[in-house]
Amino acid sequence: ATNPYLIQVLSGVYDEDITLPDYVSLKGSGWKSTTIDGRVTIGDGTHVEDVYIYPTGSETITVLADPDGDTSYLTNVYAVINTSTNAATYTVRQTGDTDFRIYASFLYGRNENAGGSAATYVLHSSGASGDLELKQVHVKSSCPTNSNCNLALNDSAVSGADIIFSGSWSVFNDSSPVAAANNNAL
């Protein structure tokens with residue numbers, strides 16, 4: 001299962017959720033040209049590159065990363081969750097036991113619902129023992145009608161699982177944003 005495959009995606013808008021099996025990578029024609037209107041689920045040894053991921057349906061997660069055997073990557077990706085739902089939304093959610101790395105990308109989370117369960121997590125690590133590592137990434141959040149914007153939340157129950165961030169961040173329309181919270185086990 002470690003024999004890698006690459007799917008090259010031409011310019012266009014693709015309205016579907018995508019689950020990439022282990023060692024299957026996806027390369028678009030540039031984030032200004034290739035749009036995935038749906039959730040992207042990533043397994044082991046997967047690399048997603050040069051795409052715009054923007055689910056416009058009822059999805060609450062833009063990228064679900066669950067690598068358990070080999071490190072997986074996002075490179076030059078523009079990923080957005082922009083919704084109004086009384087639930088938690090995630091731009092990137094890491095649940096794997098192996099590292100997930102994001103390079104040279106833009107990540108944006110927005111939830112304008114005012115309900116008590118509405119929240120936005122741009123980066124979220126939960127139940128994972130792998131690190132979530134970002135380099136040259138801009139992270140942005142906006143919660144205009146609730147105060148539940150979170151740029152990065154580490155909820156992993158495993159000691160040593162970290163969110164490692166190098167880049168820039170911005171918050172709009174939130175009176176009390178959370179830049180980073182670590183609920184990681186000691």
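We're numbering straight along the sequence, starting at 1.
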For this session: Any chance you could lay out the side-chain contact (heavy atoms from CB on, under 4.5 Å) test for Leu107 and Leu123, step after step, and finish with the verdict?
Result: CA-CA 9 Å; Leu107 310 174; Leu123 303 168; 3.6 Å; yes
For this session: Kindly write out the residues that satisfy ring-ring contact (aromatic ring centres under 6.0 Å, His included) with Tyr90, not counting sequence neighbours, or none if the list is empty.
Result: Tyr121, His124
Exercise. Which salt bridge (Lys or Arg N to Asp or Glu O under 4.0 Å) pairs, counting each pair once, include a residue from residues 112-140, with sequence neighbours left out?
Worked result: Arg101-Glu133, Arg110-Glu112, Glu133-Lys135
Exercise. Which other residues end up in the same hydrophobic cluster as Val13, if Ile, Leu, Val, Met, Phe, Trp and Tyr are linked when side-chain heavy atoms come under 4.5 Å apart?
Worked result: none
Exercise. For Ala118 and Asn86, which heavy atoms make the closest approach, and how far apart are they?
Worked result: N-OD1, 3.1 Å
Problem set entry | Spacing of Ile7 atom CD1 and Lys27 atom NZ [to the nearest 0.5 Å] | 14.0 Å
Seminar exercise, completed: When rounded to the nearest 0.5 Å, the distance separating OH of Tyr54 from OG1 of Thr35 is 10.5 Å
Exercise. Has the side chain of Thr120 got a donor or acceptor atom that lies under 3.5 Å from a matching backbone atom of Gly109?
Worked result: no
For this session: Please test Thr71 against Asp99 for side chain to side chain donor-acceptor pair (under 3.5 Å), starting from the C-alpha separation and ending with a verdict.
Result: CA-CA 5 Å; Thr71 300; Asp99 295 353; 4.8 Å; no
Problem set entry | Interatomic spacing from CD1 in Ile42 to CG in Asp22 - rounded to 0.5 Å | 11.5 Å
Problem set entry | Inter-residue atom distance Ser105.OG - His138.NE2, 0.5 Å rounding | 12.5 Å
For this session: List for me each residue that meets ring-ring contact (aromatic ring centres under 6.0 Å, His included) alongside Tyr78, sequence neighbours excluded, and say none if there are none.
Result: Trp31, Tyr52, Phe106
Exercise. Does Asn111 use its side chain to pair, donor to acceptor, with the backbone of Ile81 at less than 3.5 Å?
Worked result: no
Seminar exercise, completed: Scanning both residues in full, the closest heavy-atom pair of Val122 with Leu151 reads CB-O, 3.6 Å
Exercise. Backbone N or O of Ala161 within a donor-acceptor pair of the Asn154 side chain at under 3.5 Å?
Worked result: yes
Exercise. Shared ILVMFWY cluster between Val137 and Tyr103, side chains joined below 4.5 angstrom?
Worked result: no
For this session: May I ask you to test the Thr91-Ile53 pair for a side-chain heavy-atom distance under 4.5 Å?
Result: no
Exercise. Are Leu153 and Ile164 connected, step by step, through hydrophobic side chains (Ile, Leu, Val, Met, Phe, Trp, Tyr) whose heavy atoms are closer than 4.5 Å?
Worked result: no
For this session: Sequence neighbours left out, what pairs pass side chain to side chain donor-acceptor pair (under 3.5 Å) with at least one residue falling in residues 59-70?
Result: Tyr23-Asp70, Asp66-Thr95
Exercise. What heavy-atom pair brings Gly57 and Asp37 nearest, and what distance separates the two atoms?
Worked result: N-OD1, 4.3 Å
For this session: Taking the side chain as every heavy atom from C-beta outward, state whether Val9 and Ile36 have any pair of such atoms under 4.5 Å apart.
Result: no
Exercise. Going hydrophobic residue to hydrophobic residue with side-chain gaps under 4.5 angstrom, can you get from Ile163 over to Val139?
Worked result: yes
Exercise. If we only count heavy atoms from C-beta on, is the Phe100 to Val63 side-chain gap below 4.5 Å?
Worked result: yes
Exercise. Is the backbone N or O of Thr46 less than 3.5 Å from a side-chain atom of Ser72, with the two atoms forming a donor-acceptor pair by type?
Worked result: yes
Problem set entry | Joint cluster assignment, Tyr73 & Leu134, ILVMFWY side-chain distance < 4.5 Å | no
Exercise. Nearest heavy-atom pair of Gln94 and Ala65: which atoms, and what distance?
Worked result: OE1-O, 3.1 Å
Exercise. Does a side-chain N-to-carboxylate-O contact under 4.0 Å join Asp17 and Arg39?
Worked result: no
Problem set entry | Where Ser142 and Cys149 come nearest, the two heavy atoms and their spacing | C-SG, 3.4 Å
Exercise. Asp50 and side-chain hydrogen bond (donor to acceptor under 3.5 Å, both in side chains): which partner among Thr75, Thr34, Asn76?
Worked result: Asn76
Exercise. Nearest 0.5 Å, what's the CG-OG1 distance between Asn113 and Thr83?
Worked result: 8.0 Å
Exercise. Within the side chain of Thr41, is there an N or O that forms a donor-acceptor pair under 3.5 Å with the backbone of Leu64?
Worked result: no
Problem set entry | Hydrophobic cluster partners of Leu6 (side-chain heavy atoms under 4.5 Å) | none
Exercise. Does Ser141 reach the main-chain N or O of Asn150 with its side chain, forming a donor-acceptor pair under 3.5 Å?
Worked result: no
Problem set entry | Whether over 12 other heavy atoms sit under 6.0 Å from Tyr14 OH | yes
Exercise. Ignoring hydrogens and geometry, is there a side-chain-to-backbone donor-acceptor pair from Ser33 to Ser11 under 3.5 Å?
Worked result: no
For this session: Report yes or no: do Ile102 and Leu20 belong to one cluster of Ile/Leu/Val/Met/Phe/Trp/Tyr joined by side chain heavy-atom distances under 4.5 Å?
Result: yes
Exercise. Would a 4.5 Å heavy-atom cut-off, applied to side chains only, mark Val51 and Leu26 as touching?
Worked result: yes
